[in-house]
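Worksheet for the structure shown next.
Atom set for the values below is all heavy atoms of this structure, side chains included, hydrogens, waters and symmetry mates excluded. Keep in mind the model is a prediction, meaning the values are calculated, not measured. Numbered from 1 within each chain, the chains take letters A, B, ... in sequence-line order.
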Amino acid sequence: MKFAYLIWSNLRRKKTRTVLTLLSIVVAFILFGFLSAIKQALTGGVVLEGANRLIVRHKVSIIQLLPQSYQQRMQRIAGVAAATHQTWFGGIYQDPKNFFMQTPVVPEEFLDMHPEFVVPADQRKAWLETRTGAIVGRKTAERFNWKIGDKVPIKSTIWSQKDGSFLWTFDVVGFYDGRDKNTDTTALFFRYDYFDEARRPGWGKGQVGWYTIRVTDPSRAAEVAKLVDAEFENSSAETKTEPEGAFVQSWANQIGDIALITASILGAVFFTILLVTGNTISQSVRERTGELGVLKAIGFTNAQVLGLVLAESCLLALLGGIVGLGLAWFLTSRGDPTGGLLPLFFFPVHDVLIGVGLSLVLGLVTGLFPALQAMRLRVAEALRRI
Amino acid sequence: MSEPSGNGGALVIVDGVEKVFHRGSEDIEVLKDLHLKVPAGEFLALMGPSGSGKSTLLNLIGGLDRPTRGTVSIAGERVDELSDRRLAAWRARHIGFVFQLYNLLPVLTAERNVELPLLLTHLSKAERRQHVAAALEMVGLSQRAHHYPRQLSGGEQQRVGIARGIVTDPTLLLCDEPTGDLDRKAGDEVLNLLQALNREHGKTIIMVTHDPHASARASRTVYLNKGQLTNEQMA
Ligand SMILES: Nc1ncnc2c1ncn2[C@@H]1O[C@H](COP(=O)(O)OP(=O)(O)O)[C@@H](O)[C@H]1O
Ligand SMILES: [Mg+2]
């Protein structure tokens, strides 16, 4: 591209102005990166996995418990391949800031239901053989530097043992890794049989938090959900069944409509950037009316002049965009900044590409008006204005 | 160099040209039924009072503007009839401009400024470099190739301007008061250069000027007054 040098030189004309504009674009794209990582953390993890999974919870609220006996009734419903349960443990390890999820599960059913959690065969075997055993996600294990054989004391905010103590100790028997990048590997899973037997009588014995169902045919998931809810209608614990995605989404929505919040912030930021960049470009074009006249006198066509100005605005926006996205990538790659609340915090490649596209659009939109102005400039008049 | 076409050997033929500008509701008739023939190889000086339309005429010849009436032919081509796009290509191929205020791009070095018109050709990078070096050599500024315009004196900037004007070896070199902003000494250097281009390289040059000292270097001088050309200066 023999014109590249010319385009580049024009950006260097007023270095301070170019640098300030670049910086504002860079900051906007860092923000873009962070917001999309947050959005990913709150809503992203469920999009891929679990299209064939449903969550059954108490109709009134997620904190009400469901009878363990529901499991067998669910498994008899047409279209249900498997059902298993989990219960919110609400445990704290050393400090409430060290947040991660713990739930009691039935190991074989649970691992069968969640193929995205990968556990080595020997560790799986150890878990089945150790009543107080727990498997821990790679992220949390690394965070606390836990080794197999460690005894981990966790204080539940909900469940006490028979002796009244809220402190539970689990034996780390294994670790699991995520099959995909967006698999959450922060939770700790321990055995339901141990939990149910050890918990204080009269405190929810035989009751569980929620069920996960795998359907035989994902395309009929909605139908199955209706059948499940119908099965428990008019009982003491009616259910609400929804796709796993919607379930996680409604968790996230307790914070607010994440997508809307992100979109509004980004909208405001990009509107500002549009004005800033647009101003830079049109100012720089206005300042060199005479030069553009010279280029046309030399024989540059109107289309070429249009192209030069557009290329300049696109170069500016792309440069700022790529630097900003790169920095965002680097900053988010260090993982969850909240220390556990946002286990799936990362900047998805898909959004990086959207960001690149966005910066190109920014360049085109901000360059269009000045470029048209430059194109329409009449040579003889431009030259008189020097 | 293109050969002048059959029209009595004239390279430039301006025939019955009228130019009217509109300023608001007011019509300003700058050129009226103007005729001019410039044979190939001539160094023509165009004089006249300020505001008489010298630049306007030069712009019409250089295809920067179109006449309200009449025709402009250069080397047999009806310039007034070309579309904007073809006109731009035609200018790139046939016309070199030299401006009073040099009009170099401040962000480019002398070398890059001279290279500009070559970007519109199919020349390779190496060929462009060769042409640029030759043009700078011709104006005696090889040593200044990497300087920016602000690092050059007015006279040097104008010589870079001339190098840019001739680097594509155009059919016609059009200069609008090329010495208008220079002191006598720098002006003389520029005039020497134009004269050499005309005499030694056969360039056809039309130069607008105020300065009798400058027009004295030309092979012929015409005067623009009240929209028409004469061979005599009006009293
Ligand atoms: N684009 C234009 N619009 C309106 N008036 C113009 C325009 N260009 C030139 N003129 C007028 O035409 C007259 C001749 O201008 P010009 O050719 O620049 O004169 P000169 O070069 O001889 O000083 C002036 O009165 C000028 O104001
Ligand atoms: Mg003039």
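At least one side-chain heavy atom of B:Leu120 sits under 4.5 Å from a side-chain heavy atom of A:Phe300. You'll find the side chain of B:Pro106 stays beyond 4.5 Å of the side chain of A:Arg288, heavy atoms only. Side-chain contact between A:Leu383 and B:Asn103 is present, with at least one heavy-atom pair separated by less than 4.5 Å.
By number of non-hydrogen pairs under 4.5 angstrom with chain A, the leading residue of B:Asp176, B:Leu119, B:Thr168 is B:Leu119. No other option in B:Asn59, B:Leu116, B:Asp65 has as many heavy-atom pairs under 4.5 Å with chain A as B:Leu116. Of all the listed residues (B:Arg128, B:Gln100, B:Arg85, B:Arg112), the one sharing the greatest number of non-hydrogen pairs under 4.5 Å with chain A is B:Arg112. Counting heavy-atom pairs closer than 4.5 Å to chain B, the top-ranked of the candidates A:Ala380, A:Gly299, A:Ala303 is A:Gly299.
Between atom CG of residue B:Asp84 and atom OG1 of residue A:Thr301 there is a gap of 10.0 Å, rounded to the nearest 0.5 Å. Distance check, rounded to the nearest 0.5 Å: CG of A:Asn10 to CG of B:Leu108 gives 7.5 Å. Put simply, CG on B:Leu105 and CD on A:Glu291 are 4.0 Å apart, with the number rounded to the nearest 0.5 Å.
More than 12 heavy atoms of other residues, nucleotides or ligands sit less than 6.0 Å from atom NZ of A:Lys2. Within 6.0 Å of the CZ atom in B:Arg78, the count of heavy atoms belonging to other residues, nucleotides or ligands exceeds 12.
In this structure, the portion of B:Thr121 lying under 4.5 Å from any heavy atom of chain A is its backbone and not its side chain. For B:Tyr148, the part sitting under 4.5 Å from any heavy atom of chain A is the side chain, from C-beta outward, and nothing else.
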Begin with the C-alpha distance, continue with both residues' side-chain angles, and end with the deciding distance and a verdict on side-chain contact (heavy atoms from CB on, under 4.5 Å) for B:Phe97 and A:Val294. CA-CA 9 Å; B:Phe97 285 100; A:Val294 171; over 6 Å; no
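Judged purely by atom type and a 3.5 angstrom limit, B:Arg164 has no side-chain atom pairing as donor or acceptor with the backbone of A:Ile298.
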